[in-house]
Amino acid sequence: MQKIIKINSLNEFLTNLIKDYTVIAPVKERTTKFKAILDPKQIYLDKITKIPLKKFFLPEEELLLAFKENKITEVRPKTKPTIIFGARKCDLNAINVLDKVMKDPNYMHRRKNTILIGMYCTHPDKYCFCESMELINFYDLFFYPYNGHYYISIGSKKGEALVKHLPSAKKEITLKFKNTKKIKNKDIAADYQNTIWETDANKCLSCSACTVVCPTCNCFDIKDKSLINKKQGRRTRSSASCQLKSFSRVAGGKAFRDSRLSRFKHFVYHKIVYFKNRHKIYMCVGCGRCLRACPTHIDWTKTINILSKTKKIQKK
Amino acid sequence: MVYHPQPYIIDHVKTINKEVKLFRIKSDLNPKPGQFFEISMPGIGECPLASCSHNPHQIDMLTRLAGNVTTAFFQLKKGDIVHIRGPYGKGFPLGKLKNKNLILIAGGTGLAPITSLINYIEQNRSHFGNIIIYFGFRNPEYILLKDKIKEWRKKFKVTICLDKLEGDKQCKEGFVHEVMNKAPPDTAETIALMCGPEIMMKSVTQTLNKLGLTDDKIYWSMERRMECAFGNCGRCLIQDVYVCRDGPVFRYDHIKPRLENEETSNKIKTH
């Protein structure tokens, strides 16, 4: 059963939440991103955030261990109970993807401490293609704006407890997403060797922007730093990108994904094929952030569509 | 915690040549043959190393000087503390090797995981048929674990292949696959397992194919960059398989199409 709340009562609802929880929501500052808010008026829902939600669960750099003399101590993050508010369906599905891979204790600690509240997005743009990515309902609460009200779907007991005091809706309202961009046939496993990928790879600068803004890119590096006397140091986990040559480089200098083409294909195939083989869902959630961020406007979704078109012609 | 390495004491250090040292570490970690550890040098970093023995009370690290971590590791002496986490990976498919004849091939420090398997075979000799071993090294100076090889020569059929013979009479000249071509080993009821540079494993595999051993009877122990060692960091992915979690030993017919895909696209250089 859905709960219902007037659109202009939302601020009051959130103000109450801010008293007990750290509330993270999309805001517009120099860039659009998820950030802890103190006032509901800060929330910005018009556009998809440039910086994905993953940065809250997997910070750019995070302390894992601290060294002193020969002693090693663990460092655990300190987090208050947190609510993520205003995440889009793609953002939430990205968390579902990360849950499947990440067995990192810091990540799991943050996840346990977090309640996910989603918001139906009324403004998908020309880069969004979430419809094509078989997204599921993954949330604790999800808000559908309709006729001056928010209709709130409940996904878990944690979520239910937050809206207990609200009246129940008389009818169920769920809204469909409308994208202009679509990927038609995602079965590209057999097309790895197709030369069409070279056109995209030719444009690629290996700048790694796509992996920085991707909400499901979780690859990381473990780095050590120490004082010059080597008596104190720390080990951190920081994000890494498969688009950089150093990503696969081993001691001795050999980089296993040496060419730009192999790195570019690794990104696309990991999102569309490899992850699905293992976890039965697509790693890509169709948020379109990689397409928006690309400085040379590479659109691999178009390439996939061209592939399926040529396959159709070949069948005829 | 998954990232927290535990301290162990170095029992013995043996310098084999200027590039390779053998560290004996007291530990009860008891890895399966072919599994590996992350060796931690606090403040420097971590690196994945395989144990080259099969012993519940110690691990032996045959280490080649290659990067920052091994450089720091080389400074350590007997009695020093080294931090280790592991073991990781699945190791060699011991169940599938039972009652089979085995051909073991090791190139350079790829010797390490193969040695742990030889140890296991020595301890359970009745489980296995004929054992043929090939070692490939650069020249007589680079032959590793000479004492052990001497012992194994008494028990198994051991061939040492050197790129440059330099007058050594016990060894054969040429790469492993060349030596194998000249005196082909029997491949009936046989499984081949190898570890070494990929280019060497590839040519040896092709030779074994010619001798009638199909890809599903051949196993590769592989090397990739690893940070976490439990399938989270994504560094060791070869297409859709993690070398750390699913390997590091792979049946060749499983890994072959993936390697070939990446190899062909590595050859194409764009702009």
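All values below were derived from every heavy atom in this structure, side-chain atoms included, with hydrogens, water molecules and symmetry-related copies excluded. By convention in this document, chain letters (A, B, ...) are assigned in the order of the sequence lines, proteins followed by strands, and residues within each chain are numbered from 1.
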* For chain A, which residues of residues 40-49 of chain B have heavy atoms nearer than 4.5 angstrom ->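 Near chain A, by residue number: B:Ser40, B:Met41, B:Pro42, B:Gly43, B:Ile44, B:Gly45, B:Glu46.
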Distance-only polar pair, side chains of [X] and [Y], donor-acceptor under 3.5 Å:
X        : Y        : result
A:Asn106 : A:Glu62  : yes
A:Ser206 : A:Gln243 : no
A:Lys225 : A:Thr236 : no

By a 4.5 Å heavy-atom criterion (distance strictly below it), what part of [X] contacts chain A: side chain, backbone, both, or neither?
X        : answer
B:Glu260 : backbone
B:Arg245 : side chain
B:Asp246 : side chain
B:Glu263 : neither
B:Leu237 : both

* **Geometric cation-pi criterion A:Arg237 and A:Phe220, 6.0 Å radius, 45° cone** => yes
* Asked: Centre of A:Phe256's six-membered ring, under 6.0 Å away, within 45 degrees of the axis: is that where NZ or CZ of B:Arg225 sits?
  -> no
* Asked: Do B:Glu262 and A:Ser262 touch side chain to side chain, with heavy atoms closer than 4.5 Å?
  ->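 B:Glu262 does not reach A:Ser262 side chain to side chain.
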* **Lys/Arg N to Asp/Glu carboxylate O, A:Asp91 vs A:Arg289, below 4.0 Å** =>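 A:Arg289 and A:Asp91: salt-bridged.
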* Minimum heavy-atom separation for B:His177 to B:Thr207, with atom names? -> CB-OG1, 3.2 Å
* Would B:Trp220 and B:Phe250 count as a close aromatic pair, with their ring centres under 6.0 Å? ->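 Not under 6.0 Å, so no.
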Heavy-atom pair count under 4.5 Å with chain B, highest-scoring of [options]:
options                                : value
A:His266, A:Met102, A:Glu198, A:Arg235 : A:Arg235
A:Pro105, A:Cys217, A:Gly252, A:Gly253 : A:Pro105
A:Ala240, A:Ser248, A:Cys219, A:Gly233 : A:Cys219
A:Phe67, A:Tyr192, A:Phe264, A:Trp197  : A:Tyr192

* **side chain to side chain donor-acceptor pair (under 3.5 Å) between A:Asn277 and B:Asp240, worked out** => CA-CA 7 Å; A:Asn277 287 350; B:Asp240 55 348; 2.8 Å; yes
